[in-house]
Amino acid sequence: MASFTRKIIKIILTVFLALSFIFAGIRLAPGDPVEKILGPEASNEEIFNYKHQLGLDVPIHTQYFNYLTNFLTGNLGDSIFKKTNVLELIKSAFFPTLFLSFTSIFISSLLGIFGGVLSAVNKGQFIDKGLRLASLIGLSFPIFSVAPILVIIFSLKLNLLPVSEWGGIKHIILPVMSLVIPLSAIIMRVTRNKFLEDKNAPWIIVLKAKGLNGLSIIYRITKVILPTVFNVIAIQLSVVLAGTMITETIFDIPGMGSLLFEGIQNRDYPLVQGVIIYVSLVYLMVYFLVDFINEKIDPRIVE
Amino acid sequence: MNKLKVFYKNEDFKFGFFIISIYLFWALFWTFYILLYKGTLNNPYFPLPDMQFELIPPFKNKFLFGTDIHGRSVAEIISMGLIYSIGMAMVISLCSATIGVFMGHLSVTGSRMIKSFCEIFTNVVFTFPSILIAIIIMSFFGSSILGLIIALVFSGWAAYARIARGEIKRILGLPYVEAAKALGMSNRQIFFSSVLPGIFPQLLVHMVLGASGVIISESALGFLGLGGSQYSWGGLLATAKTVLLEAPYLSILISLSMAGLIIGLNLLGDGLRDILDPHSKK
């Protein structure tokens, strides 16, 4: 129970610090955001009104306090450009992003773990060499460079899949593929290395001595290396989220990424802040969930 | 001679070294070309836009690899992107590693307060999605090289701090370091005489692998329009994406150049790790 409370405190502390980072990051940036938004020809009065509307005319500690209370009450303000409540915008954009990230994480984990174990078991053989080469290449084409190539191959040359928009299953394949390729490559590498590292541990020698057959030994090693693999996935999660957002801008999917991208382009201050806060929160939640699951799989991991 | 043989025998290292040498040679050549041959130190050469040569495919006219939407030679803008990427990767990796080692050292040798503060701070920055930190900083800093360096160093140092912390803990427990301590050497003397050389191999491996991460993050920001330079490969890819139908060669050439560099760095890093850390494999 004590460790559980400690964990909760850690989560709250992390969320609090993350919120503070976001606050400080936005406020400490040089230049007045309002003047940047309104442009050089804005009158003083306009600037003043605008600042008042955004709540930027009060001292910084009051702003910070307001910011935290607004966060707790779920009030993220209105988008400057779209004139709608930021929370509403986020709600409508949330599903595509979540769906894309989790589908691709799921597929990548299956592919990556399977490929990694396969290549570790056949170390040095043809399969291993081929899989390692494939993972090295997959790793080296980040999402925003693999996506255009996939579009060229599957949409322009083969004319199989549509390029953009969001809807049926056909629209999902290319975005998911461009997310899965780099991620499964990373998972495969980690799985392979960890598997090889643990392969000669004393407890496995005992299992072999007891006469367990190959497949059940592989199964047991795989189970033991899962926490490491999940940890890597959790660390990669930020890359996946960022990748999903980039993928959305490429394939015109109305998710958080498109929202953020629009916000950045229009200097839509509350919108960018809101999206970043929400994405960070989801990210942290999943991160701690993975931590929790890992302890359940392998009880040896307790701080 | 024996020592060199280890390097020569490792295939990952050999290929990685070969690829990176080509890229470094290319970057050096291009740097001299724009600073000394085509331009001068004070007035470097930049690829010239010329609308009459807009979107020429490769192997036509005088352009070996074609031109982009502004009529600039693709070979030239990719080269500009290369020196920019390599420069950024070096500066950012060095700064992140320095801060990371410093924080790692503090979190091992500092007083209890400092220790736990460093630990929490490192963990939070490490947990927090790094590219989001970079997006926050860049979207409000505006696109500038300085902003980009700050953004990526701020999100990158925590990984180094974690590695440094573990390694420094291990090294400080080694008998010869304890002996040095017993002889009355100060923390700082021990840091420079034992800790730094001791963590160097690990640090080098992670800097090489980290450099490829920096190149990817930098391009991702560039792709979102938050890059530090108009020649950022990510930014170039974002522009290339808009003319994917008319000029697929643009995306392909930029992607391949970037992938080659990342493959090289990964091979070099993996090879170095196998060579420098004998118990990691085999």
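In this text, all values refer to a predicted model and were calculated from it rather than measured experimentally. The sequence lines fix the lettering, A, B, ..., with proteins before strands; numbering per chain opens at 1.
- Applying the side-chain hydrogen bond (donor to acceptor under 3.5 Å, both in side chains) rule to A:Asp128 yields the partners A:Ser119, A:Arg192; only residues at least two apart in sequence or on another chain are considered.
- Within residues 13-21 of chain B, no residue has any heavy atom less than 4.5 Å from a heavy atom of chain A.
- Contacts with chain A were tallied for B:Ala220, B:Pro248, B:Ala159; B:Ala220 has the most, counting heavy-atom pairs under 4.5 Å.
- For the pair A:Arg132 and B:Asp270, the salt-bridge criterion is not met [side-chain N within less than 4.0 Å of a carboxylate O].
- In this structure the side chain of A:Leu260 never reaches within 4.5 angstrom of the side chain of A:Met256, judged on heavy atoms.
- Judged purely by atom type and a 3.5 angstrom limit, A:Ser135 has no side-chain atom pairing as donor or acceptor with the backbone of A:Met188.
- Of the atoms belonging to A:Ile143, not a single heavy atom falls under 4.5 Å from chain B.
- Residues satisfying the side-chain hydrogen bond (donor to acceptor under 3.5 Å, both in side chains) criterion with B:Ser79, sequence neighbours excluded, are B:Trp26.
- Annotation: maximal heavy-atom pairing with chain A below 4.5 Å, among B:Leu237, B:Ile263, B:Leu267, occurs at B:Ile263.
- For B:Ser85, the side-chain contact (heavy atoms from CB on, under 4.5 Å) criterion is met by B:Ile215, B:Glu218, B:Trp233, not counting sequence neighbours.
- Looking at A:Leu136, the atoms closer than 4.5 Å to chain B (heavy atoms on both sides) sit in the backbone and in the side chain alike.
- Judged by distance alone, with hydrogens and angles left aside, the side-chain atoms of A:Ser258 form a donor-acceptor pair with the main-chain N or O of A:Ile253 at under 3.5 Å.
- No donor-acceptor pair under 3.5 Å is formed between the side chain of B:Tyr160 and the backbone N or O of B:Ser96.
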